[in-house]
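Chain letters run A, B, ... following the sequence lines, proteins first, then strands; residues in each count from 1.
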There are 2 protein chains.
Amino acid sequence: MKDEVVKLVINIFERIHPLSENLKEKIFEGSDVIHIKKKDVLLNIGETSKYIYFIYNGSLRSYYLDQEGKDNTSWFLFENELAISVYSFFTQKPSFEAVETLEDCVLLRLSFKKLQQLYLEFPEFNYIGRILTEQYYIRSEEKANSLRMLSAKERYQQLIERYPEIIKRASLGYIASYLGITQHTLSRIRSKV
Amino acid sequence: MKDEVVKLVINIFERIHPLSENLKEKIFEGSDVIHIKKKDVLLNIGETSKYIYFIYNGSLRSYYLDQEGKDNTSWFLFENELAISVYSFFTQKPSFEAVETLEDCVLLRLSFKKLQQLYLEFPEFNYIGRILTEQYYIRSEEKANSLRMLSAKERYQQLIERYPEIIKRASLGYIASYLGITQHTLSRIRSKV
DNA sequence: CTAATTTTTTGCCTTATGGCAAATTTAGAA
DNA sequence: TTCTAAATTTGCCATAAGGCAAAAAATTAG
């Protein structure tokens, strides 16, 4: 199992920049495959994010609690994507957001500490880290721009266009908060489309 | 002038990771100081972003045009910050957003091509690039989360708390679109506070 | 398979925000 | 300084989205 998962990750990395055999071995040694049930929590609010996850199977979401304690989904993540709590992992400070599974998952886990070692020992690995960070950053900008420029309905339409599976795999309540609207509004939008 | 500006940039970089003398020289050689007037355009919609800018003096904004052709500010940037059009610069594809100055500016400019050369010639420079990308990425996530979770009034209050000078340096219309609301709404929020 | 729980839809009314238009203030140019 | 243009505020009304509550549908557990 681990062989297969690590192979896939390395494959994704190598589309960005070749890896030395030594680095590949270190990635293999430093990471673990974990199996985790639906609705299990990978990171609690207030906890510092210590791991980056690669999603081999399943899906995750991260969410914030607002003033009234309602949870607002900030990201959905699926197969072949990397999952972290952006602020907490990058700064190594306590998280304002939580991360949980939406489905049973198979994840590859690498610790922050190990990752830093790899970055320092293999400077070229920073190239890959930089490119991946850029790619997720672009998606973050897209999110902000949709929220700014599009109506609730348009945001919903854009979401199902770009990530059609999201509707099958996440509940309406989660999707609504991700779009910055209430369940009721989303339900109404759907009934009209 | 150029000495002073490059020194400041390198100083900022060195807070992240030390630079070899050779790399410092290459940064100096590869970059140009440019003086540019208020309201001048650094990047047009449809154009591919070829430069990254360091703001020594002045301020910039980037903006999108919505369906009706109204412009919506996506970022404000001030002294000691780096400015790019995120999507276009990272992907080297035509930009959906434009970048213009809000004030007369003194900028340090480095081409995408030169930057890639530096990344390849000095692998450790990717470390700095990665960390900076992470920092701006965090800010992008904050923007998206504010738009999702806070009311127009709360977003305005958060903005003046975190970036108080923004009010003196950007017009209300720009600030309103950055907050995802109309000028009128922002004007009303201000009159009530 | 049935009961219990969760998720989704719907109705009614309130509130926040937008659209248009005009008045006022501020900034810029001659 | 004075004139002109741009930015900001305000009023009035329309529309989008939220709050509360309950019904309906779907999922899960026993």
Side-chain angles (χ1 to χ4, degrees), chain A residues 37-41 58-59 61 63-73 76 100-104 145-160 165-193, chain B residues 37-41 58-59 61 63-73 76 100-104 144 146-160 165-193:
Chain A
K37 287 281 169 203
K38 180 174 179 169
K39 289 240 176 185
D40 268 2
V41 174
S59 54
R61 73 172 186 123
Y63 63 92
Y64 285 76
L65 298 181
D66 63 20
Q67 294 103 322
E68 292 96 34
K70 275 191 203 158
D71 84 63
N72 291 59
T73 298
F76 290 111
E100 67 172 23
T101 56
L102 293 173
E103 307 167 312
D104 293 356
N145 286 324
S146 299
L147 287 161
R148 226 191 321 255
M149 295 175 57
L150 304 180
S151 68
K153 188 174 179 176
E154 290 167 326
R155 295 202 293 280
Y156 176 69
Q157 288 170 333
Q158 190 187 67
L159 185 72
I160 55 178
E165 61 177 342
I166 217 166
I167 296 184
K168 290 164 201 150
R169 300 176 73 178
S171 76
L172 257 208
Y174 294 163
I175 294 173
S177 68
Y178 180 78
L179 296 172
I181 57 179
T182 61
Q183 271 191 27
H184 311 124
T185 302
L186 181 53
S187 180
R188 282 175 191 124
I189 287 169
R190 274 155 60 104
S191 67
K192 278 175 202 157
V193 172
Chain B
K37 287 282 169 202
K38 181 174 178 170
K39 289 237 175 187
D40 268 1
V41 174
S59 54
R61 72 170 187 125
Y63 63 91
Y64 285 76
L65 298 182
D66 64 20
Q67 293 103 323
E68 290 96 36
K70 276 192 202 157
D71 84 63
N72 290 60
T73 298
F76 289 112
E100 67 172 23
T101 56
L102 293 173
E103 306 167 312
D104 292 357
S146 300
L147 288 161
R148 225 191 321 257
M149 295 175 58
L150 304 180
S151 68
K153 188 174 179 175
E154 290 167 326
R155 295 201 294 280
Y156 176 69
Q157 288 170 332
Q158 190 187 68
L159 185 72
I160 55 177
E165 60 178 342
I166 217 166
I167 296 182
K168 290 163 201 150
R169 300 177 73 178
S171 75
L172 258 208
Y174 294 162
I175 293 172
S177 69
Y178 179 78
L179 296 172
I181 56 179
T182 60
Q183 273 191 25
H184 312 124
T185 302
L186 180 53
S187 179
R188 281 176 192 125
I189 287 169
R190 274 155 59 101
S191 66
K192 277 175 203 159
V193 172

message = Whether A:Glu100 and A:Arg61 form a salt bridge (side-chain N of Lys/Arg under 4.0 Å from carboxylate O of Asp/Glu) is what I want to check.
response = yes
request  = Calculate the interatomic distance between B:Asn72 atom CG and C:dT17 atom P; express it in whole Å.
outcome  = 16 Å
task = Quickly work out the A:Ile167 CD1 to C:dT9 P distance and round it to whole Å.
result = 10 Å
query = Which nucleotide in the set D:dT10, D:dG19, C:dT17 lies at the smallest distance from any side-chain heavy atom of B:Arg188?
reply = D:dT10
Spacing between B:Tyr156 atom OH and D:dT9 atom C1', to the nearest angstrom = 13 Å
key: Presence of salt bridge, B:Lys37 and B:Asp104, under 4.0 angstrom   = yes
task = Report yes if a side-chain nitrogen or oxygen of A:Ser191 is closer than 4.0 Å to either non-bridging phosphate oxygen (OP1 or OP2) of C:dT9; otherwise report no.
result = no
inquiry  = D:dT9, OP1 or OP2 - any side-chain N/O from B:Arg190 closer than 4.0 Å?
reply    = yes
remark   = Among D:dA7, D:dG18, D:dA17, the one nearest any side-chain atom of A:Ala152 is D:dA17
message = So B:Ser187, base contact, sugar-phosphate only, or nothing? Heavy-atom distance under 4.0 Å.
response = base
Residue among A:Glu154, A:Arg155, A:Gln158 satisfying side chain to side chain contact (heavy atoms under 4.5 Å, CB included) with A:Leu179 = A:Arg155
key: Below 4.0 Å: OP1/OP2 of C:dG18 and any side-chain N or O of B:Thr185   = yes
request  = Determine: side-chain N/O of B:Lys38 to OP1/OP2 of C:dG28, distance under 4.0 Å, yes or no.
outcome  = yes
ask   = Would you say D:dA6 has OP1 or OP2 under 4.0 Å from some side-chain N or O of B:Ser171?
value = no
key: Whole-Å distance separating the CD1 atom of A:Ile181 from the C1' atom of C:dT8   = 14 Å
query = More 5' along DNA chain D: A:His184 or A:Leu150, using each one's nearest nucleotide?
reply = A:Leu150
